[in-house]
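Input: one structure, supplied below.
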Amino acid sequence: MAHPFFADRTVVLATMHRKERVIAPILEQALGVRVVVPEPFDTDQFGTFTRDRPRLGTQREAARRKAEAALELTGETLAIASEGSFGPHPAVPMIAGNCEVVLLLDKQHNLAIVGQELTTATNFRHQTVRSLAEAKEFAAAVGFPAHGLVVMPSATAQNSAQIIKGVTDPTQLEAVVLEALARSPQGTVHLETDMRAHYNPTRMGVIQKATLNLVEAIQQSCPACQTPGFELIERLPGLPCELCHQPTRSTKTAVYRCQRCGATETKLFPDGIKWVNPAQCPYCNP
Ligand SMILES: [Zn+2]
Ligand SMILES: [Zn+2]
């Protein structure tokens, strides 16, 4: 399929973590674009998950900066970049969450369109352990060796020479854990899941989902001027409870806005449901 705004254009994908594996086939098929990865492109200058560089700004801003940098490097007009975050899920703080943002930046049409996926399907975890057996237990629980690990002296280690990333080999894991344990005055070593996409197939799957959501967002065009990316800008609560019919905090209407002409539209029941389950009602189930 060819998209009138994007067909036959080159999209620069700002990644050095092989995200093109999941992003390129989806965009090429849905938009008729050609995806290229510039070499070399150091996305780590924009912040990484392994603490050796602080992350700046929001996820969307971070993705935008990567996309801008890719355009500057290549002189192209269309770029895509993705940015992930990990931590307590905003709705369920006891559970780890992963939010992925995939952003399309189009200088020719002056557009930025975002796809997002928020999920609890992540192996994001860290633990300080006291023995090789504990380290192996942690590794097994987070899907090692299909998923990579980061091994470091402590949770607050700053010296990048002591932070061993991308561990996917059981023999190497054993060696680096034993060495770190032997060196540690406390007899401990800190383990983390490596969240870089090419070391984390679970995260790669979430990026794929966010890319599909991006395509969906691109396919929403403005009813007034047909510009793609007619964007959801606000969710308004008030969806009634099925049992007591009182309004709840769940979304009843969504407001969309065009980036180009500013036209807005309000849609009822954007999530496809008209009633809230009484289990989620603050009156029926306080
Ligand atoms: Zn418009
Ligand atoms: Zn109720």
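Indexing begins at 1, ligand by ligand and atom by atom, following the structure's order. Keep in mind that what you see is a predicted model, and the values were worked out from it rather than measured. Hydrogens, waters and symmetry mates play no part in the numbers below; they use all other heavy atoms, side chains included.
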Practice task
Kindly indicate whether a cation-pi arrangement holds for Lys267 with Tyr256, taking the cut-offs as under 6.0 Å to the six-membered ring centre and within 45° of the axis.
Solution key: yes

Fill in the blank from the handout: One should read off an interatomic distance between Glu117 CD and Gln208 CD, to the nearest 0.5 angstrom, of 11.0 Å

Problem - Donor-acceptor contact below 3.5 Å, side chain His17 vs main chain Lys19 - result: no

Exercise for the section: Give, rounded to 10 degrees, the angle between SG (Cys222) and SG (Cys261) as seen from the Zn ion (ligand 1). Expected result: 110°

Completion exercise
In Val11, Leu71, Ile113, Leu78, the residue satisfying side chain to side chain contact (heavy atoms under 4.5 Å, CB included) with Asp106 is Leu78

Exercise for the section: Could you confirm whether His245 has any N/O/S atom lying under 2.8 Å from the Zn ion (ligand 2)? Expected result: no

Handout entry: Apex the Zn ion (ligand 2); atoms Cys284 SG and Cys244 SG; angle rounded to 10 degrees
Key = 110°

Exercise for the section: Using the Zn ion (ligand 1) as the apex, give the angle to atoms SG (Cys225) and SG (Cys258), rounded to 10 degrees. Expected result: 110°

